[in-house]
Amino acid sequence: QVQLEESGGGLVQAGGSLRLSCAASGRAVSTYTMAWFRQAPGKGREFVAAIRWSGNHTYYPISVTEGRFRIYGGNAKNTVYLQMNSLMPEDTAVYYCAANLIWRASVVGPGAYDYWGQGTQVTVSS
C-alpha cells in the first residue's frame with residue numbers, strides 16, 4: 001500500500017504562486033508515476049501534471065495551465081511538488097496527488113492511478 005499526503009494549498013490572490021507537496025509513504029520506493037489532478041466544484045477530475053521517475057519524464061496537458069505549472073520530485077522519489085505560478089481564479093479547485101506502482105500507457109486518466117491523496121484546497125481570489 002501507498003499513502004499519499006498533500007500539503008501547501010491555501011488562499012492566494014490572482015497572479016500569485018503556490019507550491020503543493022505530496023509525500024508518499026508505505027511502498028514509496030516502488031512508485032512508478034506520480035501525478036497531480038484537480039477537481040473544481042461541479043466538474044470532473046482534471047489532469048494537471050505527471051512525472052515518471054524512470055527518466056524523470058514530465059507530462060502536462062495542453063491547456064490553460066501550460067507554462068504556469070511545473071511538477072518535479074524530491075531527491076528520494078517519494079515526494080512530488082507542483083509549483084503553480086500566475087494563478088488565476090479558474091485554477092480554484094481541490095488538488096489531488098496520485099501514484100501508481102507500474103507502468104501504464106496513459107498518465108492523463110484518473111484510472112491510471114491506484115493511489116490517491118485526500119486533496120488540498122487551492123482558492124484563487126480575483
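Quick note: residue numbers are just sequence positions, from 1. Note that the structure is a prediction, hence the values are computed from the model and not measured.
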Which heavy atom of [X] sits nearest a heavy atom of [Y], and at what distance?
{"X": "G111", "Y": "R104", "result": "O-NH1, 4.0 Å"}
{"X": "V2", "Y": "A24", "result": "CG1-CB, 4.1 Å"}
{"X": "N85", "Y": "S17", "result": "OD1-OG, 3.0 Å"}
{"X": "L82", "Y": "A49", "result": "CD1-CB, 4.1 Å"}
{"X": "S106", "Y": "A112", "result": "O-CB, 3.3 Å"}
{"X": "K43", "Y": "Q39", "result": "O-NE2, 3.0 Å"}

Membership question, hydrophobic clusters at under 4.5 Å side-chain separation (ILVMFWY): are [Y] and [X] in the same one?
{"X": "Y81", "Y": "V12", "answer": "no"}
{"X": "V48", "Y": "I71", "answer": "yes"}
{"X": "W53", "Y": "L4", "answer": "yes"}
{"X": "W116", "Y": "V108", "answer": "yes"}

Rounded at 0.5 Å granularity, tell me how far [atom1] in [X] sits from [atom2] in [Y].
{"X": "R19", "Y": "Q83", "atom1": "CZ", "atom2": "CD", "value": "7.0 Å"}
{"X": "F47", "Y": "Y60", "atom1": "CZ", "atom2": "OH", "value": "9.0 Å"}
{"X": "I51", "Y": "Y32", "atom1": "CD1", "atom2": "OH", "value": "12.5 Å"}
{"X": "S126", "Y": "M88", "atom1": "OG", "atom2": "CE", "value": "12.5 Å"}
{"X": "L18", "Y": "Y95", "atom1": "CG", "atom2": "OH", "value": "9.0 Å"}

With a 4.5 Å heavy-atom cut-off, do [X] and [Y] have their side chains touching?
{"X": "T92", "Y": "Q121", "answer": "yes"}
{"X": "T31", "Y": "L101", "answer": "yes"}
{"X": "V107", "Y": "R52", "answer": "yes"}
{"X": "V80", "Y": "C97", "answer": "yes"}
{"X": "Q1", "Y": "Y115", "answer": "yes"}
{"X": "F69", "Y": "R38", "answer": "yes"}
{"X": "Y113", "Y": "T33", "answer": "yes"}
{"X": "R68", "Y": "D91", "answer": "yes"}

task = Kindly say whether Q118 contributes a backbone atom to a donor-acceptor pair with the side chain of E6 at under 3.5 angstrom?
result =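 Confirmed, E6 side chain pairs with Q118 backbone.
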key: Ring centres under 6.0 angstrom apart (F37, Y96)   =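 No; Y96 has its ring centre 6.0 Å or more from that of F37.
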